[in-house]
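Because only heavy atoms are used, hydrogens play no part in the values below, and waters and symmetry mates are left out as well, while side chains stay in.
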Amino acid sequence: MRLFAAVLPPAAVLGELAVEVAQLQKLPAADRLRWTGRDGWHFTLAFYGEVADDLLPDLHERLARAAHRRDPYELRIAGGGRFSDRVVWAGADGDRPAMGRLAGSAAAAGRRAGVAMLEEHRPFTPHLTLARNRVAGVSLAPYASALKEYAGTSWTVGALSLMRSHPPAGGAGSQPHYEEIASWPLGH
């Protein structure tokens, strides 16, 4: 199974972001980007890649412990940016240090469970992917600029989720499907 640990924003917060994304989709060349769907919006904490079934019990146990050791924290979707001209993303504001610690714990849980971590050496940058650019010559700067002032409603992050990524069903513009397979409350 292709797995990752994540924070899932509440539906109301995603609804606010959807209004902002609808405005972004009116910008020039927006139709040339591949927009992610609302059901795929999440903050990835640790990407595990393909995980063998026999590692799942230990991974579950270690993620439960990681969640237990971390207190709930305040977060909101705010600002945004781009990774080069490849990805447009929305950012996070609030207790980012707490989110970084939760990400570190989720990564450590994977390593200790025997998962071969693929993105171990990247610095953690909390972001929620909104669109991907597959076309040369389309600048994402206007999208990042439009997101600069965005600030959604704050919420309390109270859980760590283990997500499964299903490959796209096929066809041009297909998106992966994400499924929450487990969740653990923070601080319990």
Side-chain angles (χ1 to χ4, degrees), residues 2-27 30 33-48 60 63-64 66-83 86-107 109-110 119 122-132 140 143-166 168 175-188:
R2 191 172 172 88
L3 302 176
F4 61 94
V7 165
L8 303 178
V13 169
L14 295 179
E16 293 173 357
L17 182 60
V19 171
E20 182 73 12
V21 169
Q23 295 304 307
L24 293 176
Q25 291 174 330
K26 294 177 183 176
L27 293 174
L33 302 179
R34 189 173 62 167
W35 294 89
T36 59
R38 181 177 168 164
D39 59 342
W41 292 344
H42 58 269
F43 288 99
T44 300
L45 298 174
F47 182 72
Y48 303 125
H60 279 243
L63 286 171
H68 175 76
R69 291 184 188 126
R70 299 290 172 210
D71 291 327
Y73 59 93
E74 292 299 307
L75 194 69
R76 70 179 176 163
I77 299 172
R82 62 189 173 128
F83 295 129
R86 293 184 336 266
V87 173
V88 176
W89 50 267
D93 190 23
D95 197 344
R96 287 174 52 127
M99 189 174 206
R101 289 188 295 274
L102 183 59
S105 293
E119 298 180 352
R122 286 186 183 176
F124 178 67
T125 303
H127 69 280
L128 188 150
T129 299
L130 300 176
R132 290 183 175 82
L140 299 183
Y143 302 94
S145 180
L147 283 165
K148 209 175 273 189
E149 301 301 319
Y150 178 75
T153 302
S154 173
W155 84 95
T156 301
V157 175
L160 168 63
S161 296
L162 181 62
M163 305 293 291
R164 180 177 184 181
S165 176
H166 297 273
Q175 299 285 334
H177 166 72
Y178 303 113
E179 169 191 10
E180 184 181 44
I181 59 171
S183 179
W184 299 273
L186 301 183
H188 297 283

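Two residues are said to be in side-chain contact when any heavy atoms from C-beta on lie closer than 4.5 Å; Leu8 and Met163 meet this criterion. The closest side-chain heavy-atom distance from Leu33 to Tyr143 is below 4.5 Å. Side-chain atoms of Phe43 and Ile77, non-hydrogen and from C-beta on, do get closer than 4.5 Å to each other.
Residue pairs that meet the side-chain hydrogen bond (donor to acceptor under 3.5 Å, both in side chains) test with at least one member in residues 72-83, sequence neighbours left out, are Glu74-Ser154, Glu74-Thr156, Arg76-Asp93, Arg82-Asp85.
In terms of heavy atoms, Gly100 sits closest to Phe124 at CA-CD2, 3.9 Å. Counting all heavy atoms, side chain and backbone alike, Pro9 lies closest to His42 at CD-CA, 4.2 Å. When all heavy atoms of Leu63 and Ala106 are compared, the pair lying nearest together is CD2-CA, 4.0 Å. Contact record, Gly158 with Pro72: CA-CB, 4.4 Å, taken as the closest heavy-atom pair. The nearest pair of heavy atoms linking Leu160 to Ala5 is CD1-CB, 4.1 Å. Residue Asp39 comes nearest to Tyr178 through the heavy atom pair O-CD1, 4.5 Å, listed as atom of the first residue, atom of the second, then distance.
Atom CG of residue Asp95 and atom CG of residue Leu102 lie 11.0 Å apart, to the nearest 0.5 angstrom. From Arg96, atom CZ reaches atom CG of Leu75 across 9.0 Å, with rounding to the nearest 0.5 Å.
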* Asked: Going through the checks in order, is the side chain to side chain contact (heavy atoms under 4.5 Å, CB included) test met by Val157 and Met99?
  -> CA-CA 9 Å; Val157 175; Met99 189 174 206; over 6 Å; no
* Go through Leu140 and Phe83 one step at a time and tell me if the side chain to side chain contact (heavy atoms under 4.5 Å, CB included) criterion holds. => CA-CA 9 Å; Leu140 299 183; Phe83 295 129; over 6 Å; no
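Partners of Arg101 according to the salt bridge (charged side-chain N to carboxylate O under 4.0 Å, His left out) rule, which considers only residues two or more places apart in sequence or in another chain, do not exist here. Evaluation of the side chain to side chain donor-acceptor pair (under 3.5 Å) rule for His166 yields Glu179 as partners, not counting sequence neighbours. In this view, Arg70 satisfies the salt bridge (charged side-chain N to carboxylate O under 4.0 Å, His left out) rule with no residue, not counting sequence neighbours. Under the rule for a side chain to side chain donor-acceptor pair (under 3.5 Å), the partners of Thr36 that lie at least two apart in sequence or sit in another chain are Trp41.
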Side chains of residues 144-153: which donor-acceptor pairs under 3.5 Å do they make with residues two or more places apart or in other chains?
unit_1, atom_1, unit_2, atom_2, d
Tyr150, OH, Leu17, N, 3.4
Thr153, OG1, Glu16, OE1, 3.2
Thr153, OG1, Glu16, OE2, 2.4

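Judged by distance alone, with hydrogens and angles left aside, the side-chain atoms of Trp184 form no donor-acceptor pair with the main-chain N or O of Ala66 at under 3.5 Å.
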